[in-house]
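First comes the structure, then the notes that go with it.
As the structure lists them, so they are numbered: ligands from 1, and atoms in each ligand from 1. Nothing fancy with the numbering, it's 1 onward along the sequence.
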Amino acid sequence: MAQQSSSAKPMPMLKDELDIVIPTIRNLDFLEMWRPFFEQYHLIIVQDGDPSKTIKVPEGFDYELYNRNDINRILGPKASCISFKDSACRCFGYLVSKKKYIYTIDDDCFVAKDPSGKDINVIEQHIKSLLTPSTPNFFNTLYDPYRDGADFVRGYPFSMREGCKTAVSHGLWLNIPDYDAPTQLVKPLERNSRYVDAVMTIPKGTLFSMCGMNLAFDRELIGPAMYFGLMGHGQPIGGYDDMWAGWCAKVICDHMGWGVKTGLPYVYHKKASNRFENLKREYNGIFWQEEAIPFFESVTLPKECTSVQQCYLELAKLVKEKLGKVDPYFIKLADGMVTWSEAWDELNTTP
Ligand SMILES: O=c1ccn([C@@H]2O[C@H](COP(=O)(O)OP(=O)(O)O[C@H]3O[C@@H](CO)[C@H](O)[C@H]3O)[C@@H](O)[C@H]2O)c(=O)[nH]1
Ligand SMILES: [Mn+2]
């Protein structure tokens, strides 16, 4: 019998242990719709683009806001690892947060409704997913065994039923799905109306496409690996920020014995970006991912790597060595990973 189901006992709100990180190059009007669910939490707003632009935050929210001038002031030369003019800038929010958990959301994502018509509280579901164990080592065909009304199926080893720590909770999207630019171009009218009432652990040894628009993670566990890379202005690639972080984080979670879950909760995504612009920024990524995925699948981290940062620095070394041959960009990216790790230490190691 799985531990008491996650919905049997009320989930803690974690309002003093969770920050909401929002990257924005537009405005924050969408917060009005999220007010019932977000108002109790501290927001970290990462303002991208022109720092002289004033971003209006709706009344009543507790927040800190950082623009490019702040990032440069706080990080100095290390600011070079934080992207400009790409949603990748959001990882600066992970760096400066002091909380155990992070939830990050895009400013074109709104409250979705479940099949009963009830507004979905994304924070509550992500907390449930993060606070209940994962099952990366043996797939439970009835999905989340810790959920009310579910359990481990016959044949599931009892020695494995305590599960593992959960490091990442990856939510999904109704309306505009997270398709790449080529798919968006050929299927401009496709909308996702399928609400799948499930959370599942992504099996160990399997990579996945981590989308940053409705994502939560245990910052104390996997935060040092959640670098969203060098994307956007001055870089030959964009729109692969979350993908890169997801591949790195999944390899490290597998090594550390932690789980990554995907599924509920849903947001309602009203894509604000332009699919033609997206094709330009994603273009190299479409080719490079065919090299990057086999690389990540081939990675075996040494057993001496017992901390996420040791894993991350080892990964950066391998990226430079193996992917640097694909394109010099990956040498720069590997250096960015090291700078990120140094910045993490600088801002997060108590003297
Ligand atoms: O230069 C920029 C562009 C955007 N942002 C902010 O980042 C998020 C996502 O922007 P948007 O919704 O326009 O992007 P999408 O094409 O829908 O999704 C991409 O973003 C990532 C998912 O989060 C992933 O790379 C793609 O799926 C919004 O909050 C923008 O305001 C920015 O800060 N700088
Ligand atoms: Mn979007």
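- Remark: ligand 1 atoms within the under-4.0 Å shell around heavy atoms of Cys89 are 33 (O).
- When only modelled atom types and interatomic distance are considered, Tyr41 and Asp62 share no side-chain donor-acceptor pair under 3.5 Å.
- Short contacts between ligand 1 and Asp178, defined as distances under 4.0 Å to a heavy atom of the residue, involve ligand atoms 27 (O).
- Vertex the Mn ion (ligand 2); arms to His269 atom NE2 and Asp108 atom OD1; angle 90° (nearest 10°).
- Distance alone, capped at 3.5 Å, places no donor-acceptor pair between the Arg68 side chain and the Gly49 backbone.
- Within ligand 1, counting atoms from 1 as listed, the ones closer than 4.0 Å to a heavy atom of Asp241 are 24 (C), 25 (O).
- Contact check for Phe276 versus Leu279: no side-chain heavy atoms found under the 4.5 Å cut-off.
- Looking at Glu190 and Tyr179, their side chains do bring a donor and an acceptor atom within 3.5 Å of each other.
- Counting heavy atoms only, Asp107 comes closest to atom 31 (O) of ligand 1 of the residues Asp86, Val46, Asp107.
- The protein atom (non-hydrogen) at minimum distance from atom 20 (O) of ligand 1 is Ser87 OG, 3.5 Å.
- Protein heavy atom nearest atom 34 (N) of ligand 1, with residue, atom name and distance: Asp48 OD2, 2.7 Å.
- For atom 12 (O) of ligand 1, the closest heavy atom belonging to the protein is Asp108 OD2, 2.8 Å.
- For the pair Lys113 and Asp119, the salt-bridge criterion is met [side-chain N within less than 4.0 Å of a carboxylate O].
- The option from Ile22, Ile45, Ile25 that lies nearest to atom 5 (N) of ligand 1, judged by heavy atoms, is Ile25.
- Which parts of ligand 1 touch Asn278 is read off a 4.0 Å heavy-atom cut-off, strictly below it: atoms 16 (O).
- Between Tyr266 and Tyr195, the ring center distance clears the sub-6.0 Å criterion.
- Assignment of Gly232 to the shell around ligand 1 is not supported, since no heavy atom sits closer than 4.0 Å.
- Atom 10 (O) of ligand 1 has as its closest protein heavy atom Arg26 NH2, 3.9 Å.
- In this structure, Lys250 contributes its side chain and Gly259 its backbone to no donor-acceptor pair below 3.5 Å.
- Using a 4.0 Å cutoff on heavy atoms, Arg281 counts as a contact of ligand 1.
- Comparing Asp242, Asp106, Leu28 against atom 8 (C) of ligand 1, the shortest heavy-atom distance belongs to Asp106.
- Looking at Arg73 and Asp70, a side-chain N of the basic residue comes within less than 4.0 Å of a carboxylate O on the acidic one, giving a salt bridge.
- A salt bridge links Lys320 with Asp335; the closest basic N to acidic carboxylate O contact falls under 4.0 Å.
- One finds the OG atom of Ser83 at 8.5 Å from the CG atom of Asp48 (value rounded to the nearest 0.5 Å).
- Closest to atom 16 (O) of ligand 1, if we only count protein heavy atoms, is Ser273 OG, 2.7 Å.
- Heavy atoms of His269 come nearer than 4.0 angstrom to ligand 1 in at least one pair.
- Ligand 1 is never approached by Met243 to a heavy-atom distance shorter than 4.0 Å.
- Of all atoms in ligand 1, numbered sequentially from 1 with element shown, those under 4.0 Å from a heavy atom of Met213 are 23 (O).
- Heavy-atom proximity to Gly212, at under 4.0 Å, picks out these atoms of ligand 1: 23 (O).
- Using a 4.0 Å cut-off between charged nitrogen and carboxylate oxygen, Arg219 and Asp19 do not count as a salt-bridge pair.
- Residue-to-ligand polar distances place Pro23 within reach of ligand 1: an N/O pair is separated by less than 3.5 Å.
- Protein heavy atom closest to atom 18 (O) of ligand 1, with residue, atom name and distance, is Lys271 NZ, 4.0 Å.
- Side-chain rings of Phe61 and Phe38 stay apart, their centers remaining 6.0 Å or farther from each other.
- Per-residue contacts place Gly239 under 4.0 angstrom from the following atoms of ligand 1 (heavy atoms of the residue considered): 25 (O).
- Remark: Lys99 does not engage Asp218 in a salt bridge, criterion side-chain N to carboxylate O under 4.0 Å.
- We find that Arg90 and Asp242 are not joined by a salt bridge, their nearest charged nitrogen and carboxylate oxygen being 4.0 Å or further apart.
- Polar contact with ligand 1: present for Lys85 (N/O pair, distance under 3.5 Å).
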